[in-house]
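Throughout, a chain's letter reflects where its sequence line sits, starting with A, and its residues are numbered from 1. We use all heavy atoms of the structure for the numbers below, so side chains are in, but hydrogens, waters and symmetry mates are not.
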Amino acid sequence: MSDISGLKFPDNLLYTPTHEWARVEGDVAVVGITEYATHHLTDIVYLEAPIVGENAVQFKELEPEGAVESVKASTPIYSPFSGEILEINDDVVNSPEKLNADCYGNWIYKMKISNKAEVGKLLKVGPYKQHAEKETH
Amino acid sequence: MAPKRTPLAEMHEEMGGSMVEFSGYYLPTHYTSITDEHVTVRTGVGVFDVSHMGNFRIYGDTATDTLDNILTQDIRNMKMKQLKYTHFLNEKGQIVDDMIIARLDKDHYFAVPNAAKVKLDWDHFNKYRKAGTVMENISDNYAIIAVQGPKAVDVMRKATTHPCEMKFFNCDYMHFRDLNKTYLVWRSGYTGEDGFELMIPNEDAKAVWRSIFKYGKEFGIKPIGLGARDTLRMEKSLLLSGQDFDFNHTSLETNVDWCVKMDHEFVGKPVLEGQKKNGIPVKFVAFHLKDRGIPRTGMEIFKDGKKVGNVTSGTMVPAKKIGLGLGYVKFGLHPFGTKLEVQIKERMVPIEIVNPRA
């Protein structure tokens, strides 16, 4: 019921249908959540950090931990790729409200991309924008 | 089915409300942010559209007898212009709903049931209506504007000619300056703060809303959405019908057992008498997390590895960054200071039962 005009969609990133963004740096991905996600969650108050060393599966929820919570609801974080979680951004864990202010400047975790072929399955900015628009209506 | 628009829907759109469907109504979750709106009501004054709530008018020679038999509160001894928070039960003693009722005159009452339960409550009231009691479901005819916060009284004194000296949980007719009209105003609310709830016929709702904002400007008045309405009520441990009770608890199991007066007959009373004699199985509590995390509806509460309760509501208290939960635990584990655990995914997080009014 709200529209996506006014939301930022950087064109140098790749996207999941579940509203994560990924920046690919060699065989490492830097992952965060999109403004569409932060806008719909409203006030983000808590980040349940993923666990370093866990093995994620592409397009699946991070297990056993990994969620973004607003005052109203909790939403799981999905993984854009299969591979090991390498690093967590402690700065965002300690101040999750930074995601409301700048969700593209504040990454959540870094992961190893175990299968480079998976990169092609992510959405580029155009299709992701269309997808977000469709979810809005 | 498209959600119903309240008489104030246009105001929310105009003021930039982020609109959602709630209980079949088109209402704002927030305008700026839930945290900002929460803090506004705790420290200043905010305005809610609660027109989705129901309105019953009950009158006639036997109105007092009818209500005294349905409601857990002692209606016969209500003073004129007084409000009471009350439950009403089915014959199994389970809470059907909670509401606030006003005694406008000796045989004339005005009650506000919960939006999602209007139909159910109406049927329940009709089932126990005595001859000589007239009931009108006027839920679609009234808007309710809630002006809440420590500065609410300042706004009402400017917007109306009324001195606003009545105590909390009383009501009166107030004359609104801009409209030159008189409406029923309750001194009540669902935020844990001082406040007023204005019963306004649909056709005047927008004009009253505008007038309240005009006079409230100097006090920093803001519109408040459903998000902050929920965090405000949770922080003060106020029950949410359909979530904190839903045909699975008696009044004695809640934290508002004071709304049951045992010195009169009412539907469901024998079950409560049985609980008083044989013991109350569970008790509603508020708890704080002693570690990171947020409790959510449906999570389980443990003591020494054994399940002892469940969470019915939870949030992180805006601005305070405290994980707060409401729920039921085994009787005896409910006193303030009791230390238990809540399971969040695979983690057992320590919690402590707290006094939300402290």
Side-chain angles (χ1 to χ4, degrees), chain A residues 1-7 35-56 60-78 85 88-103 108 132 135-137, chain B residues 2-3 5 9 12-13 16-22 25-39 225-235 243 289 291-299 311 313-325 343-347 349:
Chain A
M1 288 191 209
S2 54
D3 66 78
I4 63 163
S5 63
L7 300 184
E35 195 172 2
Y36 179 91
T38 60
H39 182 75
H40 280 81
L41 280 163
T42 72
D43 302 25
I44 295 170
V45 289
Y46 181 66
L47 180 63
E48 182 198 76
I51 296 171
V52 171
E54 291 292 330
N55 277 302
K60 298 275 191 217
E61 290 178 24
L62 295 177
E63 291 282 347
E65 305 259 308
V68 183
E69 305 209 25
S70 68
V71 287
K72 284 295 281 180
S74 171
T75 180
I77 304 172
Y78 293 78
I85 308 289
I88 307 297
N89 184 355
D90 288 331
D91 189 34
V92 171
V93 172
N94 294 329
S95 308
E97 64 277 3
K98 285 184 177 176
L99 293 172
N100 290 312
D102 181 7
C103 61
I108 296 174
E135 278 206 355
T136 302
H137 297 295
Chain B
R5 288 172 70 87
H12 307 315
E13 287 165 342
S18 189
M19 307 301 286
V20 295
E21 183 176 344
F22 176 81
Y25 286 84
Y26 177 71
L27 287 166
T29 53
H30 63 283
Y31 301 81
T32 53
S33 84
I34 293 170
T35 303
D36 175 59
E37 290 169 22
H38 183 105
V39 172
L226 293 168
R229 181 169 159 83
D230 200 35
T231 57
L232 286 159
R233 71 95 193 165
M234 276 193 256
E235 188 178 16
Q243 184 165 322
L289 262 64
D291 196 359
R292 297 159 42 80
I294 304 180
R296 299 288 181 186
T297 307
M299 287 180 180
V311 179
S313 292
T315 190
M316 182 167 277
V317 181
K320 289 191 181 164
K321 296 201 168 192
I322 299 167
L324 165 79
Q343 184 172 5
I344 301 181
K345 290 192 180 174
E346 290 169 20
R347 215 156 48 98
V349 182

> Side chain, backbone, both or neither: which part of E97(A) has a non-hydrogen atom closer than 4.5 Å to chain B?
Replying inline: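 Answer is side chain: those atoms of E97(A) sit under 4.5 Å from chain B.
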>> Between E135(A) and H40(A), do the side chains contain a donor N or O and an acceptor N or O under 3.5 Å apart?
In response: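 Not at all, the side chains of H40(A) and E135(A) share no donor-acceptor pair under 3.5 Å.
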> Do T42(A) and H30(B) get their side chains close enough for a donor-acceptor pair, meaning under 3.5 Å?
Replying inline: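 Note: T42(A) and H30(B) side chains miss the donor-acceptor criterion.
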> Looking at NZ of K320(B) and OG1 of T231(B), how far apart are the two atoms once the value is rounded to the nearest 0.5 Å?
Replying inline: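 If we round to the nearest 0.5 Å, K320(B):NZ and T231(B):OG1 are 11.0 Å apart.
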>> salt bridge (charged side-chain N to carboxylate O under 4.0 Å, His left out), that's the test. Do E13(B) and R5(B) meet it? Break it down for me.
In response: CA-CA 11 Å; E13(B) 287 165 342; R5(B) 288 172 70 87; 3.1 Å; yes
> If you count heavy-atom pairs under 4.5 Å with chain A, which of H38(B), M234(B), R296(B) comes out on top?
Replying inline: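 Highest number of heavy-atom pairs under 4.5 Å: R296(B).
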>> If we define contacts as heavy-atom pairs under 4.5 Å, which of R347(B), M316(B), K321(B), E346(B) has the most with chain A?
In response: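 Answer, by heavy-atom pair count under 4.5 Å with chain A: M316(B).
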> Quick one: what part of S33(B) sits under 4.5 Å from any heavy atom of chain A, side chain, backbone, both or neither?
Replying inline: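 Both backbone and side chain of S33(B) come within 4.5 Å of chain A.
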